Amino acid sequence: MRCDVRGFRLAALGLTMCFLTPAVLDAAQPWGTVAKPGDSAVGSNVVITLDAGQRPQAGDQLQIYFVVPGIEVEAEVATARVTQVDGNQVTAQVLSASGKIAVGHPVRRSGGGIVQAPEPPGGAAAPVSPGASEESTSKPHLGLAIRPVNTVDAKRLKLKEQAGLVVEGIWPGRPGGAAGIQLDDVILKLNLEPVNQVPELIAIVQKGVAGERMVVELVREGQPQTVTVRLENKPDDLQNQIRRMAEEGQGWAQHVLAHTHWKNRQSRRDRVEAAKWFLKAAESGYPGSMEMLASMYFEGRGVDQDYKEASRWYLEAARRGLAFSQYRLGYIISEGLYYARDDAQAARWYRKAADQGHANSWTSLGLLYEHGRGVEQDVRKAADMYRRASELGDLWGTTNLATFYRDGKGVDKNPTRAIELFGQAIQKKFTPAMTRLGLMYEHGTGVKQDFAQAVRWYRQAAELGSAEGQAFLGTMFGHGRGVPKNPKLAVKLYRQAAKAGHMAAQNNLGWAYQSGDGVAKDHHQANRWFRKSAEAGNAQAQVNLGINLHNGWVADKDLKEASRWFQKAAEQGHVHGENNYGLALLNGSGIPKNPTEAVRWFRKAADRGLADAQVNLAGAYYEGNGVAKNYRQAYEWSMKAAKQGHVTGEMNVGILISEGQGVGKNYQIAMQWLRRAADKGSAGAQNSIGWMYQNGHGVPKDRQEAIAWYLMAAENGNETAKQNLRNLGVDPDR
């Protein structure tokens, strides 16, 4: 049998899903104020009135804060994401909060004009400083630096529950210190009112006046205590005193001074000064400054981006129980940005943050369980984690949970529930939910297939700037699904998404240049885009780049490099990558021959139904190449390919049956399979039919019919047919 395996070829155009990272917009001066506050719970909504000329977009992240009287230091109250814009009214969803959101609180876009490093699905709100100096929030004051108790504090300070505010700094001689309050005291109530967030305590103090006495209920070393504090007004030269105490090494004062400069971070000098004082406060042991400094290094704001320094300070803050730092540290470890990638360790940090109610961490932890990274794969646990994240307002959690309901993964399949959840995220202009709902309609998953509906959602996502939406909409125009076919518009959409880094769009743009569909054919441009996508990890592009390198369609052939890319695709489970890498190993294409390993890769792809690989595996069994010779296995694998209409599989089945190899000999049935392949242009099958007529196997012996089939095969380049003609005294080149 001549196996006549199919060689390297371009695989079909395809899209793969990937998560997008929203860009962080330029910071601006305050451009609005809170008009209708929510309850400050994560996931609640606040309404903001815009100043004239401001126009944010859905998805923009906001910072809600207030300015400390006297020293003009900002204290962040919450971060939120814009979900709806209606004239000069904006609705935003709370992502994280350190206190109550009040009417009149100023609002602006968060970020400093630097595009953040990629985040895992779910993204991350800007870190909220976990503590603040109470000095900076009202005219009467206690003179304390405080922050909410976290899980580490609760264990360290022997608390019965995670509640209250821990004292991190004391201004000597001011009300709190004069009353005997000590470091690590945990304030539970002020004037009988529970206080769990810094702004709650500030609001109570603001109601008082200088000279008034307030009762503080606290826990010290696990024991309840009560002290009475006499309020005093802040000194007139508060800012100078803060700077002096900062220079004396008091961490909480250094933290406040750092925020003073951070408020004016549009100035390079202030960004540098902010980093300087955050560093000093961090070195003094102030967790809030550790987190802020880590974020500056992580994002390259005020300092050069440095994942090593970011990791160092996130670790210090994470060990002190700060949830955002625990989350970000988990991400750094999971992505291998500084530490060696270790998903099990990342999962431990995500869990610590998640247990404190950090929504993004529930989503990230869910992803690890979904894919079995660092933990035992458990899609039911993943579904539960996405549900927890969704309940806390994380839109990625909502979208991933909807996808599980769509596909029946980890939960009972429920298309109606999937659409409902997608709708919740779509109402907040979350584009990944739009594209996934579009996929649901495009493929008819749980709903009637509807290309027009798919186009609707892809278009809406694309118009909001989603690279994924642009890429998917491009495929609809490229294939004419739900819209008139328009290859030029498809290329335009691919290009928009490709420039934004969308791997599948880069591959598709490369394919357009390769095929000349919608753009002038250009192998160099095709190779350029295939390489961008391949280097980003797209397996389809890795296969296509390998094909170009193997065939020398752009420059000289580079079989070694081609095999390297096939191997990368194979290791990602891409069936054509598995098959092509198997061929490279079988033939020694730029790499040492290894038939045994080749068979292993052929089998992987063959088991998943790739007809090319089934034919190649059959050939290995027929020849005994890399595996013991076994005609029965050769027949069975050839038949699997033949039943899929694979022309070489059909030919091989016909030859095996005609020879009685691995199956009973039957010339009539053999002829049926050979004719199927011959009608599709198989020169090998045409030659075999000529041989059947020449020898009268299954058909009457007929020299002229044999010559006719041999000539047909010879014209198609079959050398065996040419020799058969010469044996019959016929010139194959006549």
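None of these values were measured; they are calculated from a predicted model. Just so it is clear, the values below take in all heavy atoms, side chains as well, and ignore hydrogens, waters and symmetry mates.
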Less than 4.5 Å apart, side chain to side chain, heavy atoms only: is that true for [X] and [Y]?
X      : Y      : answer
Trp262 : Met292 : yes
Phe298 : Tyr314 : yes
Met385 : Arg351 : yes
Ser361 : Gln326 : no
Arg348 : Leu329 : no
His502 : Glu468 : yes
Leu218 : Val227 : yes
Asp343 : Val375 : no

Would you say the ring centroid of Tyr307 lies under 6.0 angstrom from that of Tyr297?
no
Answer with yes or no after comparing the ring centroid distance for Phe430 and Trp396 against a 6.0 Å cut-off, counting only values under it.
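Yes, the ring centres sit under 6.0 Å apart.
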Begin from the C-alpha positions of Leu142 and Leu201 and carry the test side-chain contact (heavy atoms from CB on, under 4.5 Å) through to its verdict.
CA-CA 10 Å; Leu142 299 181; Leu201 181 143; 4.1 Å; yes
For [X] and [Y], which heavy atoms make the closest approach, and how far apart are they?
X      : Y      : result
Gly410 : Ala383 : O-CB, 3.9 Å
Glu168 : Pro287 : OE2-CD, 3.0 Å
Asn538 : Met503 : N-SD, 3.7 Å
Met290 : Trp313 : O-CB, 3.5 Å
Ala347 : Leu365 : O-CD1, 3.6 Å
Ala425 : Leu395 : CA-CD2, 4.3 Å

Could you measure the distance from the [atom1] atom of [X] to the [atom2] atom of [Y]? Nearest 0.5 Å is fine.
X      : Y      : atom1 : atom2 : result
Glu221 : Asp184 : CD    : CG    : 9.0 Å
Thr363 : Asp394 : OG1   : CG    : 3.5 Å
Thr226 : Leu188 : OG1   : CG    : 9.5 Å
Ile181 : Gln225 : CD1   : CD    : 11.0 Å
Ser289 : Gln254 : OG    : CD    : 7.5 Å
His255 : Leu257 : NE2   : CG    : 11.0 Å

Given Pro148, which partner from the list Asn196, Val198, Leu322 fulfils the side chain to side chain contact (heavy atoms under 4.5 Å, CB included) test?
Val198
Run the side-chain contact (heavy atoms from CB on, under 4.5 Å) check on Trp457 and Thr431 step by step: do they pass?
CA-CA 9 Å; Trp457 293 113; Thr431 58; over 6 Å; no
salt_bridge([X], [Y]) N-O dist < 4.0 Å:
X      : Y      : result
Lys280 : Glu283 : no
Glu309 : Arg312 : yes
Asp384 : Arg380 : no
Glu370 : Lys409 : yes
Arg320 : Glu316 : yes
Glu299 : Arg328 : yes

Residues Val411, Arg387; criterion side-chain contact (heavy atoms from CB on, under 4.5 Å); working and verdict:
CA-CA 11 Å; Val411 294; Arg387 184 177 291 108; 3.9 Å; yes
Does the side-chain contact (heavy atoms from CB on, under 4.5 Å) test come out yes or no for Val205 and Leu190, once each step is laid out?
CA-CA 9 Å; Val205 173; Leu190 182 60; 3.8 Å; yes
Using the ring of each side chain (for Trp, its six-membered ring), is Tyr327 parallel, tilted or perpendicular to Tyr350, with breaks at 30° and 60°?
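Ring orientation, 0 to 90° scale: tilted.
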Which class fits the ring pair Tyr386 and Phe404: parallel under 30°, tilted 30 to 60°, perpendicular over 60°?
perpendicular
Under 3.5 Å, is there a donor-acceptor pair between the Arg156 and Asn150 side chains?
no
